[in-house]
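Let me begin by handing over the structure; questions about it come next.
Position 1 is the first residue of the sequence, and the numbers go up from there.
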Amino acid sequence: MTSGTDRPRSRLLPNTAPWRSSRDFRLTWTAGTVTLLGSVLTMTAIPLQIADLTASPLAVGAVGAVELLPTIVFGLYGGVLADRADRRTVALVTELALAALSALLLANALLGTPALWPLYAAAGLAAALQGLQQPSAEAMIPRLVPPDQLMAAGNLLSLRWSIAGLAGPATAGLLIATAGVPAAYLVDLGTFLVSIALLTRVRPVPSQRDAEAPRLREFVDGARYATRRPDLLGTYLADLAATVCALPTALFPFLAQELDAAWALGLLYSAAAAGGLLAAATGGWTERVHRHGRLVLLCAALVGAATAAASIAPGLWAVLLCLLVAGGANQIGDTFRSAIWNQSIPDELRGRAAGLEMLIGSAGPALGNLRAGGLAARQGIRVALRTGGLLCLAGTAALSAALPALWRYDQRDQPNHLDQPAQPAQPDHPDHPDRHHQPARPDQQSTP
């Protein structure tokens, strides 16, 4: 007989075993998908509002500068908090705060002449809240599924991000065009309420450490651990190379104008997500690949090459194809980075490691949009795209040479860092006695 995880299935379709075996994983996956769909509406609406109010690429790119400091400070603290507090509670409280923030954006958008400063303030506050939330949300997942389903869970989480990234911008473009910017913020607020209702049904995920007040300096332990592992450090730097240099979304409103296709702005935002969705939906093959580090580097290089190709693409559809390839490569790279993190980081450092990953994953795009916006303002949109893509390629090549441990990383050669027994999958029935008395097990994305 075949087990739930080994049943015959397509070699390409993702493994849905985590959905079937864990009620709490289903709830968190659904909550994250719903809130991401709404949050992408806001992520699209804010730069559109800034572009309308200022007509300046630099002003749109400056959103990244506003997000940077809160991302750093609260991302560091969020990683420490994830190793001290109940991770479900942290995710729930920050979700409530983000819902309130969406309500404030809605109120500003309903003014006769919306103010500019609340858009920057909202971007900074959202970055702070995401910094607190994301490490706990990520570190919660390996407590909800058994170790042999971590790769499958990673694929399903990638699928969630891709669905939101594809449907969100396309829906935002249509919604804003037909009902205005306030409608985007209103829908986002509604999705937060749904997500909050789902998260309240997830069992608590308390810390396995002493429940004393978290201290920011504890993050140094996680950073020191990462620097002692060149393979792990390389995954962070590869992610940074791709996000700082490639796929600068701040340029998309102006790229659409340059292509005489203002109507296609939603397609530009959605193209990378469509590539990611295609990669995630056919990601069953990733469970049979063991050289995870090699795939991380190759995918980062492909993201850079596709971004550079977009700078010389002759028309809209060629540009969209390049963005599709870049998004797919980025998604696959994320899957293998997540596998390395989930399977090899000890429980007592997992929240702080997730905080470091969130810090890089959030600060990278913010810095990338600032870099691209500044360069585009001086030398043009295409130059900014081409320069970023080539820098990403050069950075990936340098990492391959400087950190050969990442290139050689093979999952089969790694010791088992999951130092406690796996927690069984949660029974579906909420009154089952095991729902509330589970042995702790080691543990390790929603963003507006």
Side-chain angles (χ1 to χ4, degrees), residues 40 43-44 47-48 50-52 55-61 64 162 165-174 176-177 241-282 298-333 364-365 367-397:
V40 173
M43 292 169 64
T44 306
L48 277 175
I50 294 175
D52 287 342
S56 167
L58 184 58
V60 177
S162 298
L166 176 61
T171 303
L174 179 62
I176 292 171
T243 54
V244 170
C245 301
L247 289 174
T249 57
L251 299 184
F252 287 175
F254 306 96
L255 182 59
Q257 294 175 7
E258 183 174 299
L259 293 168
D260 293 324
W263 58 270
L265 177 59
L267 292 178
L268 290 173
Y269 278 115
S270 298
L277 179 60
L278 181 62
T282 58
L298 291 175
C299 287
L302 184 54
V303 171
T307 300
S311 71
I312 58 174
L316 172 65
W317 299 110
V319 170
L320 290 173
L321 178 60
C322 292
L323 295 178
L324 184 84
V325 172
N330 191 54
Q331 190 68 71
I332 296 170
L367 288 171
N369 282 328
L370 183 62
R371 176 204 64 79
L375 186 58
R378 296 193 306 273
Q379 300 186 27
I381 303 299
R382 298 284 187 150
V383 171
L385 281 172
R386 181 164 58 253
T387 301
L390 294 177
L391 284 173
C392 180
L393 274 171
T396 304

Minimum heavy-atom distance between Pro253 and Thr249, given as atom pair plus value: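 Scanning both residues completely, I find the closest heavy atoms to be CD-O, 3.8 Å.
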Separation between CZ of Phe252 and CD1 of Ile381, rounded to the nearest 0.5 Å: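 Rounded to the nearest 0.5 Å, the CZ-CD1 separation comes to 11.0 Å.
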CD on Gln331 to SG on Cys299, rounded to 0.5 Å: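 One finds 10.0 Å between SG of Cys299 and CD of Gln331.
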Using atom types as modelled, flag every donor-acceptor pair under 3.5 Å from a side chain in residues 300-322 to any protein atom, sequence neighbours excluded.
unit_1: Thr307; atom_1: OG1; unit_2: Val303; atom_2: O; d: 2.9
unit_1: Ser311; atom_1: OG; unit_2: Ala308; atom_2: O; d: 2.5

Closest heavy-atom pair and its distance - Leu251, Ala376: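 Shortest heavy-atom contact: CD2-CB, 3.6 Å.
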Val244 to Arg371 - nearest heavy-atom pair and separation: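 So the two residues come closest at O-NE, 3.2 Å.
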Where Leu247 and Ala272 come nearest, the two heavy atoms and their spacing: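 The pair with the smallest heavy-atom distance is CD2-CB, 4.2 Å.
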